[in-house]
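First the structure, in the form of structure tokens, and then the observations on it.
Both backbone and side-chain heavy atoms feed into the values below; hydrogens, waters and symmetry mates do not. Chain letters run A, B, ... following the sequence lines, proteins first and then strands; every chain starts at 1.
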Amino acid sequence: MHLAISMEEAVDMIPDGARVMLSGFMGVGTPDGLVRALAASGKKDLTVLVNDAARPHTGVGPLVTAGCVRKFIGSHIGVNPVVQEKMRSGELEVELVPQGTFVERIRAGGMGLGGILTPTGIGTLIAEGKDVIEIDGKQFLLEKPLRADFALIAARSCDYVGNLTYMLSATNFNPIMALSADVVIAEPEEIVPVGVIPPDAVKTPGILVDHVIKRTV
Amino acid sequence: MHLAISMEEAVDMIPDGARVMLSGFMGVGTPDGLVRALAASGKKDLTVLVNDAARPHTGVGPLVTAGCVRKFIGSHIGVNPVVQEKMRSGELEVELVPQGTFVERIRAGGMGLGGILTPTGIGTLIAEGKDVIEIDGKQFLLEKPLRADFALIAARSCDYVGNLTYMLSATNFNPIMALSADVVIAEPEEIVPVGVIPPDAVKTPGILVDHVIKRTV
Amino acid sequence: MKDLVVMDPKEIIARRVSLEIRPKTLVNLGIGIPTLVSDHLTENLGVFFQSENGVVGLGHRPAEGMTDRHLTDAGGTFTSAVPGASIIDSAFSFGLIRGGHLDLTVLGGLQVDAQGHLANWMIPGKFVPGMGGAMDLVTGAKKVIVAMLHSAGGVSKVVPECTLPVTSQRRVDLIVTELAVMAPLDDGLYLLETGPGVSVDEVVAATDADLIIKGDVPQMDLSRTA
Amino acid sequence: MKDLVVMDPKEIIARRVSLEIRPKTLVNLGIGIPTLVSDHLTENLGVFFQSENGVVGLGHRPAEGMTDRHLTDAGGTFTSAVPGASIIDSAFSFGLIRGGHLDLTVLGGLQVDAQGHLANWMIPGKFVPGMGGAMDLVTGAKKVIVAMLHSAGGVSKVVPECTLPVTSQRRVDLIVTELAVMAPLDDGLYLLETGPGVSVDEVVAATDADLIIKGDVPQMDLSRTA
């Protein structure tokens, strides 16, 4: 863990073309400050890994709307017409992954597993070009791990060791994505002194977190 | 979740020859009451899945000492001379599994995955007879899921919905084993009213727990 | 429970599906018609509703002024948590789904065919919402019910064979529309019940797939409770 | 820091290993000699010690009367937690280990060979303790140090090729005994340092494996701090 950094310092770390994981589910549990700052910075050609495209002004939406995203990897884009439009025009590449496969592949990427073996997707378009492995008479799809250069994490509380807690359904992909990127940047709602978060309440150990965004108020 | 049951009712559910997961790490986080009751009941031919053999009087020890166990599946038996002796005499079959592989196979068994792909064990005795799968130039061992008939879980707190919390290093295998057995029986240190455990503090949702052991005092 | 007299087709479907919910089970309700199902449930069944985003124990929609942006359902809508609710992360949530811990999932559909295949995640060349959690839900849940209107734009959504990309190779267990309750079995699609006031002939006329009809087919009994 | 004058062989090893610990890293210390390493650490390096059973941020052994049966290390011994410690389950703990999040592991050994293979989990026909977490640790940690006595019963534990079953195909990074610091590289086992007051000839005589010796080999400098 390093010291808390400003939003600008965080944005400066992320180059054009970076592969960025973004937590959240329909924009809930997404680090909105980082998304807004990235969108405002005019980054180009990002690949974003995020569960859903949310709406044009929530979740990853602002990044896509601002034209920062070249490729979207996730499970659902049904309620973001901007994403639908950019996909049709060819401006945005979309790779759809079943949600359970998506999160488990990210976990595998962070936990040193060679891939996952899932029944999900067998016999569908998703299985095309992928290995099917039979284990004890049942078929499983071999899906490869997913990792990113950066994971942008929305936390409820954070201490100066980098320990994170999440709140209710804003948890979702955050603890998993915090495992699987070269650089993990957390945007907490509050930073508390070390020792305030009980060990059993920590959802992401600080040793996984590289940077924490300073609160401006 | 059903109503809380007595230790005797729990023991009566488990037949001779059953396959039983038992949590704990060197006896810490093991449901000691259930182990003692099972040992006293004179069960025969159990297969136990437990990280380590602990010592003769801790963890799974009393069950082995009492002669209830036919087969031990776990990662470490180095400090239990009774287990060493019964293994040499042929009374106890021992299957050793690397600890990280052990817990991940159990998780796979509970989470519907066909197996795990791990680098651990490649090039060692553990790999014998197992498939090696090459993914992007790296080799991984295909290890199959582990499940059991019963998982015996040691919890800190439990409510009448079956939600469980654990405390510090007594957590270890408990939340994972609670995923992967046909019948999950929890032995909590306390049972609290529903609603007392905050949703974010629950480590095992009650929907995974079949029975809870009544406290006698 | 809602009043039957004013029930529109979607409410008929939701009410009929609600009768399939067993006590003390874990249930996932998809977006759209499936979401309506919980409103038709008799109280105190001890059912826990899960949403993909990690809530086990979804409650009713909270009153205005009692919402919190950290507590939402799989549609991103404000929700509440019942006493005894718990929160799990997305990997755990889909572990429950994939691992056979989910007793029932109710999903909407674009098409279902006579083999019980569901298609509900894309219309090639037209609209690609994505599968979200649907592929995992249909593959992993112990029981899968498709809850959808019988047709769209006058075209039957119950077809001989899906022309849209399927969601899973797994056969769904029950299909509930405002006109019929149907079950795909080894030898074809059985018509089990017709909608309130709907005749067997009307169902057959409205359905592209062949229906197997054995004996008298009852009408849905929406007055009973689960 | 302990006093060098009274250091026994195990303390020499522990002290030398402690110099390898970098600030702000995650470190796992095995049972036995490796456990001694943390006592030799300079304060405030911001290092977090992990134990396989799920403690991130192990502290010193608590005083009598301040122990709790819910807080133990990988040997099952009472421990304490530093401020900022966290608890993870066993799957998460080994995910950290396997996934490359662990900067350093220090393990004991029965044998290490010139190729850097470690054997530390069984002596066929004699004693089978099991591998515990060792196979995952050696395979997954960014850096692996073997900390062991140079010989057992007068027999060198540093051998040309392991005769005992190996723990991993991964080459360990450093071998520290009371007589030597050695590093296995592509072309063989390099002697980097000798123990305090130990000559190169003495190390060579005590070692079954061939050692590559380039230039002057320094003695361990145990007075410096990491």
Next on the checklist: To the nearest 0.5 Å, what is the distance between CG on L117(B) and CG on L117(A)?
Outcome noted: 4.5 Å
Item to check | Contact summary for P199(B) and L168(A), nearest pair of heavy atoms | outcome: CB-CD2, 4.0 Å
Checklist entry - Checking heavy atoms, do the side chain of I133(A), its backbone, both or neither come under 4.5 Å from chain B? => result side chain
Checklist entry - Measuring heavy-atom distances to chain B, does I135(A) have an atom under 4.5 Å in its side chain, in its backbone, in both, or in neither? => result side chain
Next on the checklist: For P119(A), give me all partners under side chain to side chain contact (heavy atoms under 4.5 Å, CB included), at least two apart in sequence or on another chain.
Outcome noted: F140(A), R98(C), T139(C)
Enumerate, by atom name, each donor-acceptor pair separated by under 3.5 Å where one atom lies in chain A and the other in chain B.
unit_1: E104(A); atom_1: OE1; unit_2: R107(B); atom_2: NH2; d: 3.0
unit_1: E104(A); atom_1: OE2; unit_2: R107(B); atom_2: NH1; d: 2.6
unit_1: E104(A); atom_1: OE2; unit_2: R107(B); atom_2: NH2; d: 3.4
unit_1: R107(A); atom_1: NH1; unit_2: E104(B); atom_2: OE2; d: 2.6
unit_1: R107(A); atom_1: NH2; unit_2: E104(B); atom_2: OE1; d: 3.0
unit_1: R107(A); atom_1: NH2; unit_2: E104(B); atom_2: OE2; d: 3.4
unit_1: G114(A); atom_1: N; unit_2: L117(B); atom_2: O; d: 2.8
unit_1: L117(A); atom_1: O; unit_2: G114(B); atom_2: N; d: 2.8
unit_1: D136(A); atom_1: OD1; unit_2: K144(B); atom_2: NZ; d: 2.8
unit_1: K144(A); atom_1: NZ; unit_2: D136(B); atom_2: OD1; d: 2.8
unit_1: L168(A); atom_1: N; unit_2: D200(B); atom_2: OD1; d: 3.0
unit_1: L168(A); atom_1: N; unit_2: D200(B); atom_2: OD2; d: 3.1
unit_1: D200(A); atom_1: O; unit_2: K203(B); atom_2: NZ; d: 2.8
unit_1: D200(A); atom_1: OD1; unit_2: L168(B); atom_2: N; d: 3.0
unit_1: D200(A); atom_1: OD2; unit_2: L168(B); atom_2: N; d: 3.1
unit_1: K203(A); atom_1: NZ; unit_2: D200(B); atom_2: O; d: 2.8

